[in-house]
Engineer: 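Here's a structure for you.
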Amino acid sequence: MSYVNEVIDRVIRENPNEPEFHQAVKEVLHSLEPVVAQHEAQFRRDALLERLVNPERQLKFRVPWIDDNGQVHVNTGYRVQFNSAIGPYKGGLRLHPSVNLGIIKFLGFEQIFKNSLTGLPIGGGKGGSDFDPKGKSDREIMAFCQSFMTELFRHIGADTDVPAGDIGTGAREIGFMFGQYKRLRNQFEGVLTGKGLHFGGSLARTEATGYGLLYILDEALKCRGLSLNGKTIAVSGAGNVAIYAIEKAHQLGAKVVTCSDSTGWIYDENGIDVALLKEIKEVRRARLTAYAEARPSAVYHEGRGVWSTKCDIALPCATQNELHLADAELLVKNGVIAVAEGANMPSTEDATNYLLAQQILFLPAKAANAGGVATSALEMSQNSERLHWTFEKVDKKLQEIMVNLYHNIDDAAKKYGFEGNYVVGANIAGFEKVAQAMNAQGIV
Ligand code: NDP
Ligand code: 2IT
């Protein structure tokens with residue numbers, strides 16, 4: 001059996017009931033086969049792949065908190081510190097009832113390569129909890145965040161591990177967590193990113209993942225003699241990534257006609273009204289039904305279906321495995337030319353393979369959504385030098401990072417004979433730097 005398959009088998013055996021983690025490991029390790037073939041003896045001797053797929057440390061802890069009626073609840077908190085070869089662990093905190101160790105591990109594993117692709121010195125980590133922020137009062141959110149940080153604080157630090165936002169964790173949650181960290185440590189440091197602008201946050205971090213997604217897509221289209229101007233786009237999700245992807249798509253001349261949340265989706269023939277969407281999701285924290293009520297050109301559909309509209313480009317920006325093979329087939333039938341992943345691993349394995357086989361421009365998550373974590377690293381830089389950069393400066397750096405990233409994954413794909421396959425290109429380009437750093441640092 002090949003070395004890659006041996007390691008995959010072992011991951012599945014030793015980590016049962018973690019299908020998302022298996023999926024992420026399989027995709028990455030299979031992509032690495034051409035590199036492994038060149039260095040097999042050395043990689044085997046050093047157990048490089050075994051070390052790569054085993055987190056350096058994984059934490060699981062109790063998070064008790066009290067609701068507004070005096071009832072105590074107990075959630076489970078996680079932080080997986082996956083790989084620190086090229087920098088302190090870096091990655092978001094997901095607050096969603098579906099969170100379990102396998103999901104945090106898949107996200108942390110992906111984060112290693114994504115962070116490497118940014119070209120900035122950040123290692124890979126991820127955390128979160130099965131806490132559901134939906135419908136909770138601000139005081140309940142604060143109670144949860146303070147309790148979560150009361151355990152997490154001893155494991156993180158500005159040079160150790162720097163968490164940030166993800167699903168269910170935005171500026172409000174980061175603020176509460178930062179306050180509790182500062183109180184416990186008696187230290188004001190850049191331990192979290194996505195902070196408020198008055199206490200160390202970076203301009204453009206809120207926009208960064210969605211904007212970055214459009215910057216890399218724009219570059220990939222330009223290299224094919226194409227442009228976003230006049231394109232019709234389907235977006236899923238209605239959270240941080242989706243909102244700013246829609247905003248930038250409109251600025252670049254495209255029209256986004258859909259968005260979705262966990263209960264349904266919107267088709268708006270006039271193009272999504274971003275100001276209205278922000279008001280509903282960022283201020284009122286309401287359902288998308290409120291969008292349709294406020295906008296005559298919009299139709300609300302219950303359940304799945306966002307990929308059934310005719311579009312040139314699809315941008316899945318909600319969650320993992322939300323774009324299935326049947327969706328991919330329908331998109332291709334309807335003439336889609338590009339799929340760029342704003343969410344982490346939103347396309348199932350068979351959907352990804354189908355889109356690649358159909359020669360659709362496919363920009364995988366770890367490249368396409370890297371703008372968020374890249375800008376988090378820029379926030380860390382600003383915190384270290386105790387300065388604030390302008391929006392324009394951060395945005396320009398973000399654009400440069402995404403353009404360079406595109407060319408790096410394009411070059412890596414070409415170098416190994418997989419021209420145009422950015423799944424292979426991103427995994428190899430992300431891996432090479434991490435592997436070199438792991439080699440140089442000995443068996444740790
Ligand atoms: P938000 O919490 O801001 O928004 C998530 C959106 O996705 C909401 O509209 C939510 O709907 C929807 N959603 C979440 N879970 C599901 C589900 N199981 N089924 C259907 N819809 C769902 O999160 P973000 O926008 O920050 O994150 C979206 C994706 O982008 C995630 O995969 C995340 O890991 C990834 N990402 C985020 C980055 C960031 O900087 N924030 C950076 C890189 C990647 P509802 O409100 O109804 O739950
Ligand atoms: O998936 C991701 O890259 C994020 N949720 C952002 C992580 C970060 O540290 O900004």
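In each ligand, atom 1 is the first atom listed, and ligand 1 is the first ligand listed. For reference, positions follow the sequence shown, starting with 1.
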Engineer: Should the ring pair Phe21 and Phe109 be called parallel, tilted or perpendicular, given that the plane angle runs from 0 to 90° and is split at 30 and 60?
Structural biologist: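 Answer is perpendicular, since the angle exceeds 60°.
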Engineer: Going by the ring-ring contact (aromatic ring centres under 6.0 Å, His included) test, name the single residue among Trp307, Trp265, Tyr267 that passes it with His301.
Structural biologist: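 One option only clears the test, and that one is Trp265.
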Engineer: At a 4.0 Å threshold, what atoms of ligand 2 neighbour a non-hydrogen atom of Gly92?
Structural biologist: 7 (C)
Engineer: Identify, for atom 48 (O) of ligand 1, the protein heavy atom at the shortest distance, and state residue, atom and that distance.
Structural biologist: Lys134 NZ, 2.8 Å
Engineer: Determine, step by step, whether Glu189 and Tyr181 satisfy the side chain to side chain donor-acceptor pair (under 3.5 Å) criterion, reporting the C-alpha distance in whole Å, the side-chain angles of both residues, the deciding distance to 0.1 Å, and the verdict.
Structural biologist: CA-CA 9 Å; Glu189 61 174 59; Tyr181 179 88; 2.9 Å; yes
Engineer: Which atoms form the tightest heavy-atom contact between Ala164 and Thr193, and what is the distance?
Structural biologist: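 Ala164 and Thr193 have their closest heavy atoms at CB-OG1, 3.2 Å.
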Engineer: For ligand 1, is Ala370 a contact, meaning one of its heavy atoms is under 4.0 Å away?
Structural biologist: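 Per 4.0 Å heavy-atom rule, Ala370 does not contact ligand 1.
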Engineer: If the cut-off is 4.0 Å to any non-hydrogen atom of Arg287, which atoms of ligand 1 fall inside it?
Structural biologist: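 Those qualifying, in numeric order: 47 (O).
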Engineer: Lys114 versus ligand 1: do any nitrogen or oxygen atoms come within less than 3.5 Å of each other?
Structural biologist: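 Between Lys114 and ligand 1, no N or O pair is found under 3.5 Å apart.
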Engineer: So is Glu110 touching ligand 2 or not, going by heavy atoms under 4.0 Å?
Structural biologist: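 Glu110 does not count as a contact of ligand 2 under the 4.0 Å cut-off.
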Engineer: Which of these, Gly91, Gly239, Gly210, has its nearest heavy atom closest to atom 4 (O) of ligand 1?
Structural biologist: Gly239
Engineer: Considering non-hydrogen atoms of the protein only, which is the closest contact for atom 25 (O) of ligand 1, and what is the distance?
Structural biologist: Val241 N, 2.9 Å
Engineer: Using distance alone, determine whether Lys114 and ligand 2 share an N or O pair under 3.5 Å.
Structural biologist: yes
Engineer: Ignoring hydrogens, just give me the one of Gly372, Ala368, Ala238 whose non-hydrogen atom is nearest atom 9 (O) of ligand 1.
Structural biologist: Ala238
Engineer: Does a donor on one side chain sit under 3.5 Å from an acceptor on the other, for Tyr89 and Glu56?
Structural biologist: yes
Engineer: Scan side-chain atoms only and decide if Gln23 and Lys26 contain a donor-acceptor pair under the 3.5 Å cut-off.
Structural biologist: no
Engineer: Run the contact test for Arg94 against ligand 1 with a 4.0 Å cut-off on heavy atoms, strictly below, and give the result.
Structural biologist: yes
Engineer: Can you pull out the closest protein heavy atom to atom 47 (O) of ligand 1? Residue, atom name and distance to 0.1 Å, please.
Structural biologist: Ser262 OG, 2.4 Å
Engineer: Touching ligand 1 at all, Gln320? Heavy atoms, strictly under 4.0 Å?
Structural biologist: no
Engineer: Any Lys/Arg nitrogen of Lys90 or Asp161 sitting under 4.0 Å from an Asp/Glu carboxylate oxygen of the other?
Structural biologist: no
Engineer: Under a heavy-atom criterion of less than 4.0 Å, does Gly165 contact ligand 2?
Structural biologist: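 Judged by the 4.0 Å heavy-atom criterion, Gly165 does count as contacting ligand 2.
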Engineer: Using only heavy-atom distances, determine whether the side chains of Ser297 and Glu269 contain a donor-acceptor pair under 3.5 Å.
Structural biologist: no
Engineer: In ligand 2, which numbered atoms sit nearer than 4.0 Å to a non-hydrogen atom of Ser376?
Structural biologist: 8 (C), 9 (O), 10 (O)
Engineer: Please state which part of Cys317 comes within less than 4.0 Å of ligand 1, counting heavy atoms only: side chain, backbone, both or neither.
Structural biologist: backbone
Engineer: Among all the protein's non-hydrogen atoms, which is closest to atom 28 (C) of ligand 1, and how far away is it?
Structural biologist: Ala318 O, 3.2 Å
Engineer: With a 4.0 Å heavy-atom cut-off (strictly under), which part of Asn240 contacts ligand 1: side chain, backbone, both or neither?
Structural biologist: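 Looking at Asn240 and ligand 1, atoms from backbone and side chain both fall under 4.0 Å.
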Engineer: With heavy-atom distances below 4.0 Å as the criterion, list the atoms of ligand 2 near Gly91.
Structural biologist: 7 (C), 9 (O)
Engineer: Heavy-atom pairs closer than 4.0 Å: do any link ligand 1 to the side chain of Arg205, the backbone, both, or neither?
Structural biologist: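 The answer is the side chain of Arg205.
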Engineer: One residue to check: Arg205. Relative to ligand 2, which of side chain, backbone, both or neither has a non-hydrogen atom less than 4.0 Å away?
Structural biologist: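 Answer for Arg205: side chain.
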Engineer: Side chains of Thr348 and Asn321: any donor to acceptor distance under 3.5 Å?
Structural biologist: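 Checked: Asn321/Thr348 side chains show no N/O donor-acceptor pair below 3.5 Å.
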Engineer: For atom 14 (C) of ligand 1, what is the closest protein heavy atom, and at what distance to 0.1 Å?
Structural biologist: Ile167 CD1, 4.1 Å
Engineer: Have Asp410 and Tyr422 got a donor and an acceptor in their side chains that come within less than 3.5 Å?
Structural biologist: yes
Engineer: How far is atom 35 (C) of ligand 1 from its nearest protein heavy atom, and which residue and atom name does that atom have?
Structural biologist: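 Going by distance alone, atom 35 (C) of ligand 1 is nearest to Asn344 ND2, 3.6 Å.
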Engineer: Can you confirm whether Leu197 is buried at CG, in the sense that more than 12 heavy atoms of other residues, nucleotides or ligands lie under 6.0 Å from that atom?
Structural biologist: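 More than 12 heavy atoms, drawn from other residues, nucleotides or ligands, come within 6.0 Å of this atom.
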Engineer: For atom 2 (O) of ligand 1, find the nearest protein heavy atom and state the residue, atom name and distance (0.1 Å precision).
Structural biologist: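 It is Gly168 N, 2.9 Å.
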Engineer: Are any of the side-chain nitrogens in Asp327 or Arg304 under 4.0 Å away from the carboxylate oxygens of its partner?
Structural biologist: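 Salt bridge: yes.
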Engineer: Heavy-atom distances under 4.0 Å are what count here, so tell me which part of Asn344 touches ligand 2: side chain, backbone, both or neither.
Structural biologist: side chain
Engineer: Taking only heavy atoms of Ala164, which atoms of ligand 2 are found under 4.0 Å from at least one of them?
Structural biologist: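 What qualifies from ligand 2 is 8 (C), 9 (O), 10 (O).
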Engineer: For Lys126, is the nearest heavy atom under 4.0 Å from an atom of ligand 2?
Structural biologist: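 Yes; Lys126 lies near enough to ligand 2 that a heavy-atom distance drops under 4.0 Å.
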Engineer: I need the nearest protein heavy-atom contact for atom 9 (O) of ligand 2: residue, atom name and distance, please.
Structural biologist: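 Nearest neighbour among protein heavy atoms for atom 9 (O) of ligand 2, to 0.1 Å: Lys90 NZ, 2.7 Å.
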Engineer: Please evaluate residues Tyr300 and Tyr291 with respect to the criterion ring pair (Phe, Tyr, Trp, His ring centres under 6.0 Å), reporting the C-alpha separation (whole Å), side-chain torsions for both, the decisive distance (0.1 Å), and the verdict.
Structural biologist: CA-CA 8 Å; Tyr300 176 80; Tyr291 180 96; over 10 Å; no
Engineer: Is the shortest N/O to N/O distance between Asp166 and ligand 1 below 3.5 Å?
Structural biologist: yes
Engineer: More than 12 non-hydrogen atoms from neighbouring residues, nucleotides or ligands closer than 6.0 Å to CG on Asp159, yes or no?
Structural biologist: no
Engineer: Identify the closest protein heavy atom to atom 17 (C) of ligand 1: which residue and atom is it, and at what distance?
Structural biologist: Thr319 CG2, 3.5 Å
Engineer: For the residue pair Glu341 and Asn369, confirm or rule out a side-chain donor-acceptor distance under 3.5 Å.
Structural biologist: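 Per modelled atom types, Glu341 and Asn369 side chains form no pair under 3.5 Å.
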Engineer: In this structure, does ligand 1 have an atom that sits under 4.0 Å from one of the heavy atoms of His96?
Structural biologist: yes
Engineer: Judged by modelled atom types alone, do Gln71 and Asp67 share a side-chain donor-acceptor pair under 3.5 Å?
Structural biologist: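 No, Asp67 and Gln71 have no side-chain donor paired with an acceptor closer than 3.5 Å.
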Engineer: Is it the side chain (CB and beyond), the backbone, both or neither of Ser260 that lies under 4.0 Å from ligand 1, heavy atoms counted?
Structural biologist: backbone
Engineer: Please work out which of the three classes, parallel, tilted or perpendicular, describes the rings of Trp65 and Phe131, given edges at 30° and 60°.
Structural biologist: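 Perpendicular.
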Engineer: For Lys195 and Asn383, which I'm curious about, is there any donor-acceptor pair between the side chains at under 3.5 Å?
Structural biologist: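 Judged by distance alone, the side chains do pair up.
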